[in-house]
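This report concerns only the one structure given below.
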Amino acid sequence: MPVDMPVKQSVAGLLLDWYDGHARSLPWRTPPGAAARPDPYRVWLSEIMLQQTTVAAVGPYFAKFTGRWPTVKALAAADEAELMAAWAGLGYYARARNLIACARSVVRDHGGIFPATEAGLRALPGVGAYTAAAVAAIAFGERAVVVDANVERVVSRLFAIPDPLPGSRPRIRAHADTITPDVRAGDFAQAMMDLGATVCTARNPRCLLCPLADPCAARAEGAPDRYPVKPAKKVRPHRRGIAYWLEADGAVLLVRRPDKGMLGGMRALPGGDWADIAEAAPPVAAAWHMIGTVEHVFTHFSLSLDIHAVRLPGRPAADAVAAEWWPVALIEEAGLPTLYAHAAALGRAFSEVTPA
DNA sequence: TATCCGTGGTG
DNA sequence: TCACCAAGGAT
């Protein structure tokens with residue numbers, strides 16, 4: 001489909017022409033230039049899942065969620081524990097809590113219809129400046145300045161912005177505004193992200209394939225990957241912790257972590273928060289065995305989690321808050337975050353070779 | 001503004 | 001191998 005007249009051969013025109021032939025086909029998308037707009041619910045759900053998360057990782061989760069909860073009304077009526085378990089493994093679990101809160105707000109406050117404006121969307125839980133702009137543009141065709149990490153990279157290079165992130169963000173946004181067209185708002189936003197994901201990549205950008213190579217200032221300088229300029233990295237501290245695999249009668253004791261903080265709201269093995277290993281008291285007094293250590297890397301620290309296990313002939317009275325006995329054979333369905341899924345794998349191995 | 005918040009792929 | 005990175009938001 002030809003580009004609409006007003007954009008001509010501007011940056012937007014070059015980009016939209018490229019997008020018409022190179023758009024990625026994704027489950028939450030409509031083809032470039034399509035007359036029909038995509039379902040706002042699916043656009044919103046995909047945008048939440050894609051926050052700081054790769055397309056490849058999101059794929060199976062998007063299929064699972066849209067299959068189980070096809071509409072925002074269905075999602076609003078979902079069992080919260082079931083939804084959190086379905087999100088397990090995708091990370092950033094505050095997104096899952098906000099997902100329910102947002103769906104319920106849409107149903108309760110907006111009659112089950114997503115707000116069609118950037119400002120209306122921005123007021124929803126879990127919807128920030130980027131997501132509000134993206135949904136407004138993609139699902140409703142509103143001209144919005146959509147700035148994510150891809151756009152930051154493309155724009156920093158296109159204009160060779162010398163000052164480092166995050167201080168450069170106002171300038172980046174101002175430049176992004178100047179190249180955002182009045183037409184094909186959703187296609188333009190997705191084209192910028194596709195360009196950043198497949199051509200204008202963080203490392204080894206493919207300038208020979210880039211539709212914006214000609215106007216790109218960073219390419220003219222000869223070192224496009226020098227942009228965006230970033231601040232010096234910080235050292236990642238290391239912590240140690242303990243988790244307990246307490247098994248009895250074919251079931252293992254699980255707890256639910258507090259809503260705030262790491263892995264908030266998710267099921268876990270008992271064992272504390274890894275801040276002070278001395279406070280990680282076992283759930284019951286028993287002859288515990290150290291069966292292994294799980295190494296895990298989070299965004300701002302790494303962790304060595306020692307797994308202690310015991311198998312008792314009967315279930316003791318566990319005083320842990322919000323504790324539940326979960327069948328060992330069904331542990332895969334508990335929705336454990338990755339750290340505890342790895343710990344549970346050690347626990348099962350222990351279970352198979354240890355008599356009660 | 002700076003920090004916190006997961007995970008898996010990759011060059 | 002490992003530091004970097006990914007369609008950010010809340011506080």
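Since the model is a prediction, treat every value here as computed from it, not as a measurement. First the proteins, then the strands, lettered A, B, ... as listed; each starts at 1.
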Check: A:Y61 and A:W87: aromatic ring centres closer than 6.0 Å?
Finding: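 They do not qualify: ring centres at least 6.0 Å apart.
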
Taking [X] for the side chain and [Y] for the main chain, is one N or O donor matched with an acceptor at less than 3.5 Å?
X      : Y      : answer
A:D79  : A:A81  : yes
A:T53  : A:Q51  : yes
A:K64  : A:A86  : yes
A:E152 : A:V147 : no
A:R95  : A:M49  : yes

Whole-Å distance between [N] [atom2] and [X] [atom1]?
X      : N     : atom1 : atom2 : answer
A:W87  : B:dT7 : CH2   : C1'   : 13 Å
A:R95  : B:dC4 : CZ    : C1'   : 14 Å
A:R236 : B:dC5 : CZ    : P     : 13 Å
A:L336 : B:dT7 : CG    : C1'   : 15 Å
A:L303 : B:dC4 : CG    : C1'   : 16 Å
A:F298 : B:dG8 : CZ    : C1'   : 14 Å
A:M262 : B:dG6 : CE    : C1'   : 7 Å
A:L165 : B:dT1 : CG    : C1'   : 14 Å

Checklist line | Upstream residue (5' side of DNA chain C) when A:R153 and A:R122 are each assigned their closest nucleotide | finding: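 The residue mapped nearer the 5' terminus is A:R153.
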
Item checked: Nearest-nucleotide comparison on DNA chain C, the residue closer to the 5′ end among A:L50 and A:P125 ->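 It is A:L50, whose closest nucleotide lies nearer the 5' terminus.
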
Identify whether any heavy atom of [X] sits under 4.0 Å from a base atom; if not, whether one sits that close to sugar-phosphate; answer base, sugar-phosphate or nothing.
X      : answer
A:S46  : nothing
A:G196 : nothing
A:I138 : nothing
A:L90  : base
A:K234 : sugar-phosphate
A:A149 : sugar-phosphate
A:R29  : base
A:T299 : base
A:V146 : nothing

Next item on the list: Would you kindly compare A:G91 and A:P166 by the position of their nearest DNA chain B nucleotide and give the one closer to the 5′ end?
Entry: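 This one resolves to A:P166.
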
Check: Taking for each residue the nucleotide of DNA chain B bearing the nearest heavy atom, is the 5' side occupied by A:G264 or by A:G167?
Finding: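 This one resolves to A:G167.
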
Margin query: Base of B:dG8, side chain of A:T53 - is there a donor-acceptor contact under 3.5 Å?
Written below: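 Answer is no: no donor-acceptor pair is held.
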
Modelled atom types, side-chain donor and acceptor of [X] and [Y], under 3.5 Å:
X      : Y      : answer
A:S304 : A:H238 : yes
A:R153 : A:N150 : yes
A:S105 : A:D109 : yes

Note to self: For the C1' atoms, the ones on C:dG9 and on B:dT1, what distance do you get once it is rounded to whole angstrom?
What the structure shows: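 After rounding to an integer number of Å, I get 15 Å for this pair.
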
Notebook entry, point to check: Using the P atom in both, what is the distance from B:dT3 to C:dA7, to the nearest Å?
Noted result: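 Looking at atom P only, B:dT3 and C:dA7 are 23 Å apart.
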
Note to self: Parallel, tilted or perpendicular, judged at 30° and 60°: which one describes the rings of A:F298 and A:F301?
What the structure shows: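 It falls in the tilted class, 30° to 60°.
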
Next item on the list: Fit a plane to each ring of A:H175 and A:F159, take the angle between them on a 0 to 90° scale, and name the class: parallel (under 30°), tilted (30 to 60°) or perpendicular (over 60°).
Entry: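 Aromatic pair A:H175/A:F159 classed parallel.
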
Dump the pairs, protein N or O against N or O of nucleotides 9-11 of chain B, anything under 3.5 Å, distances to one decimal.
{"from": "B:dG11", "atom 1": "O3'", "to": "A:N204", "atom 2": "ND2", "distance (Å)": "2.9"}

Check: Just the endpoints, please: which first and last nucleotides of DNA chain C, 5' to 3', lie under 4.0 Å from a heavy atom of chain A?
Finding: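 Nucleotide range in contact with chain A: C:dA3 to C:dA10.
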
Next item on the list: Look at the side-chain N and O atoms of A:H300 and state whether any lies under 4.0 Å from the OP1 or OP2 oxygen of B:dC5.
Entry: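 Indeed, a polar side-chain atom of A:H300 lies that close.
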
